[in-house]
Number of protein chains: 2
Amino acid sequence: MSVRYALLGLLAQQPRHGYELRAAFEALVGGRDTWEVKPGQVYATLERLEEAGLIAEVGVEKEGGPEKRIYALTPAGREALQEWFHTGVVGDHHRDEFFVKLMVGLLVEGTDLHRLIQVQRNTLYQELHRFTRQRMEADSQTELAYVLFLDKVVMHLEADLRWLDMVEARLEEIQRQPTPQPEPKPRGRPRAKREA
Amino acid sequence: MSVRYALLGLLAQQPRHGYELRAAFEALVGGRDTWEVKPGQVYATLERLEEAGLIAEVGVEKEGGPEKRIYALTPAGREALQEWFHTGVVGDHHRDEFFVKLMVGLLVEGTDLHRLIQVQRNTLYQELHRFTRQRMEADSQTELAYVLFLDKVVMHLEADLRWLDMVEARLEEIQRQPTPQPEPKPRGRPRAKREA
DNA sequence: TGACAAATCTCCTCACCTGTAGTATACTTT
DNA sequence: AAAGTATACTACAGGTGAGGAGATTTGTCA
């Protein structure tokens with residue numbers, strides 16, 4: 001979703017073509033390999049946006065090299081963008097890969113859970129170190145937004161580490177619990193429910 | 001990636017068919033609509049796992065209804081699972097949708113950034129409330145792992161809220177910064193670099 | 001000095017994996 | 001008959017990885 005709307009926003013500024021959009025997007029989110037977008041995604045997204053009537057092709061330039069297909073925002077696109085601004089973002093809290101790994105580890109016999117946790121802790125510390133250094137190197141005069149972004153990442157990594165400690169501390173307790181079974185659903189037509 | 005390996009783990013326990021795997025997966029990650037997986041994903045993933053040689057179809061049951069195609073783990077699959085256990089998970093720190101929205105908001109003229117932030121804050125508080133209640137309702141005797149998961153979500157939401165406050169406090173400063181331009185890359189063959 | 005190879009950018013395409021949404025058929029219970 | 005589970009499939013959207021044809025600059029060598 002993010003890329004889709006980011007492209008709309010960039011086209012609201014001025015008409016552009018695919019390659020240019022890609023560069024502008026990466027600059028927008030901080031440059032320096034934060035959020036790399038693959039060309040394929042840009043062009044595919046543009047096609048869908050065009051099909052949805054949110055953008056329109058307004059010209060083609062051909063000067064020597066390959067064609068540049070230039071897109072611009074339509075009124076419907078401008079509206080969609082406004083709507084996006086007025087809607088809150090709900091995070092993907094589910095789908096935490098490490099949580100799944102931990103659960104699967106509990107399931108599979110002979111898994112060394114302490115090691116599992118240790119590996120994850122190392123990974124998190126490495127990331128923390130990397131982002132902290134990036135943060136120090138960044139110039140908050142010219143890249144303030146990028147700095148704020150790094151702050152957020154660091155805060156999340158610290159939260160992850162604290163959580164990991166909690167998990168390790170209670171590991172014995174967790175291991176004592178039985179593996180969860182899916183509860184069977186009643187089949188057939190449900191009984192008529194009389195009002196409470 | 002998570003679903004892929006979770007299916008491997010569940011098959012390591014015992015051979016199963018698609019529908020059963022879906023139910024088992026959702027039970028594993030806590031039930032109660034945490035992490036809903038669509039049937040399509042399960043079947044598509046199973047096909048790819050089979051093609052990759054990590055699982056194999058070991059039988060078909062047909063008792064009345066549709067066929068049940070039963071899969072089991074292969075030795076290669078068991079190996080892949082072990083490798084997963086021994087690898088750290090690096091989070092998707094980039095691709096934070098709200099961050100992009102904020103940046104796009106700075107770009108587009110006439111955007112009310114305070115409102116943008118306010119909407120997001122409301123959303124986060126609602127989520128926080130929802131998960132906090134779920135956490136209180138959960139029974140940490142029988143669902144300890146699920147409780148830990150909720151703890152993590154809450155910690156992250158709190159971090160998001162603190163970060164949002166920071167952003168709002170420094171908003172004027174952020175708005176004063178120019179929109180980032182993609183830096184042009186030098187074309188042609190790069191100059192030979194002599195060693196430092 | 002002029003020709004050509006090397007490296008890299010510009011712009012777009014294709015093939016694939018992951019995940020979401022909706023559909024279809026058969027069975028089971030009220 | 002109605003309603004809902006059990007089991008599977010199809011279609012599409014989002015995202016990754018690889019790559020290809022042409023333009024542009026630099027290094028090199030006769």
Side-chain angles (χ1 to χ4, degrees), chain A residues 1-7 16-26 33 35-52 54 57 59-71 92 94-95 97 100 182-194, chain B residues 1-7 16-26 33 35-52 54 57 59-71 92 94-95 97 100 182-194:
Chain A
M1 288 280 86
S2 323
V3 172
R4 183 188 171 102
Y5 286 101
L7 294 185
R16 306 176 198 248
H17 57 93
Y19 190 92
E20 194 186 346
L21 281 167
R22 180 174 182 241
F25 175 84
E26 297 195 344
D33 296 330
W35 208 323
E36 182 189 359
V37 179
K38 305 298 159 69
Q41 189 181 351
V42 173
Y43 295 107
T45 304
L46 285 175
E47 276 171 25
R48 285 182 223 114
L49 285 173
E50 185 175 23
E51 202 187 1
L54 305 184
E57 194 177 323
V60 175
E61 274 180 39
K62 182 162 176 62
E63 35 172 59
E67 295 184 338
K68 294 194 251 187
R69 290 208 301 277
I70 298 176
Y71 291 94
D92 260 9
H94 14 277
R95 51 210 73 187
E97 182 167 343
V100 176
E183 44 192 69
K185 302 184 184 172
R187 303 184 59 163
R189 176 178 182 162
R191 292 155 188 269
K193 50 177 170 231
R194 35 219 72 220
Chain B
M1 287 280 85
S2 324
V3 172
R4 183 188 170 103
Y5 285 102
L7 295 184
R16 306 179 198 247
H17 58 93
Y19 190 92
E20 194 185 348
L21 281 167
R22 178 173 183 244
F25 176 83
E26 297 195 345
D33 296 331
W35 207 322
E36 183 189 357
V37 178
K38 304 299 160 67
Q41 189 179 353
V42 173
Y43 296 109
T45 304
L46 286 174
E47 276 171 24
R48 284 180 225 116
L49 285 172
E50 184 175 23
E51 201 187 0
L54 304 184
E57 194 176 325
V60 176
E61 272 181 41
K62 179 159 178 66
E63 34 172 58
E67 293 184 336
K68 295 193 251 186
R69 290 211 301 279
I70 298 174
Y71 292 93
D92 260 9
H94 11 277
R95 53 211 74 184
E97 181 167 343
V100 175
E183 46 191 70
K185 301 183 184 173
R187 302 184 61 165
R189 176 176 182 162
R191 292 156 188 270
K193 52 179 168 230
R194 35 218 71 220

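Both backbone and side-chain heavy atoms feed into the values below; hydrogens, waters and symmetry mates do not. Note on naming: letters A, B, ... go to the chains in the order of the sequence lines (proteins, then strands), and numbering restarts at 1 for each one.
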Taking only side-chain N and O atoms of [X], does any of them lie within less than 4.0 angstrom of OP1 or OP2 on [N]?
X     : N      : value
A/K38 : D/dG17 : yes
A/Y43 : C/dT13 : no
B/R4  : C/dT18 : yes
A/Q41 : D/dG14 : no
B/R69 : D/dC9  : yes

Measure from [atom1] on [X] to [atom2] on [N] and round the result to the nearest Å.
X     : N      : atom1 : atom2 : value
B/E26 : D/dT7  : CD    : C1'   : 15 Å
A/R22 : D/dG14 : CZ    : P     : 18 Å
A/R16 : C/dC11 : CZ    : C1'   : 16 Å
A/L46 : D/dG14 : CG    : C1'   : 14 Å
A/E47 : C/dT13 : CD    : P     : 7 Å
A/M1  : D/dC12 : CE    : P     : 17 Å
B/K68 : D/dA8  : NZ    : C1'   : 13 Å
A/F25 : D/dG15 : CZ    : P     : 9 Å

Can you measure from CZ (A/R22) to NE2 (A/H17) and round to the nearest 0.5 angstrom?
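Rounded to the nearest 0.5 Å, the CZ-NE2 separation comes out at 12.5 Å.
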Measuring from atom OH of A/Y43 to atom CG of A/L21, what distance do you get when rounded to the nearest 0.5 angstrom?
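If we round to the nearest 0.5 Å, A/Y43:OH and A/L21:CG are 8.5 Å apart.
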Between A/F25 and A/V3, is there a side-chain heavy-atom distance shorter than 4.5 Å?
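Yes, their side chains come closer than 4.5 Å.
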Does any non-hydrogen side-chain atom of B/E26 lie less than 4.5 Å from one of B/W35?
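No. Closest side-chain heavy atoms not under 4.5 Å.
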Once side chain to side chain donor-acceptor pair (under 3.5 Å) is applied, do any residues pair with A/E97, and if so which ones, sequence neighbours excluded?
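Per chain and number, A/E97 pairs via side chain to side chain donor-acceptor pair (under 3.5 Å) with B/W84.
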Let me know, please, whether B/H17 or A/E51 comes out on the 5' side of the other along DNA chain D by nearest nucleotide.
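Nearer the 5' end of the strand: B/H17.
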Which comes earlier along DNA chain D counting from the 5' end, the contact point of A/P39 or that of A/R48, where each point is its nearest nucleotide?
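The residue whose closest nucleotide sits nearer the 5' end is A/R48.
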Scan B/G40 against the nucleic acid and name what it touches under 4.0 Å (heavy atoms): base, sugar-phosphate only, or nothing.
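The answer is base, as B/G40 lies within the cut-off (heavy atoms under 4.0 Å) of a base atom.
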Regarding B/R95, tell me which of base, sugar-phosphate or nothing describes its non-hydrogen contacts under 4.0 Å with the strands shown.
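Contact class for B/R95: sugar-phosphate only.
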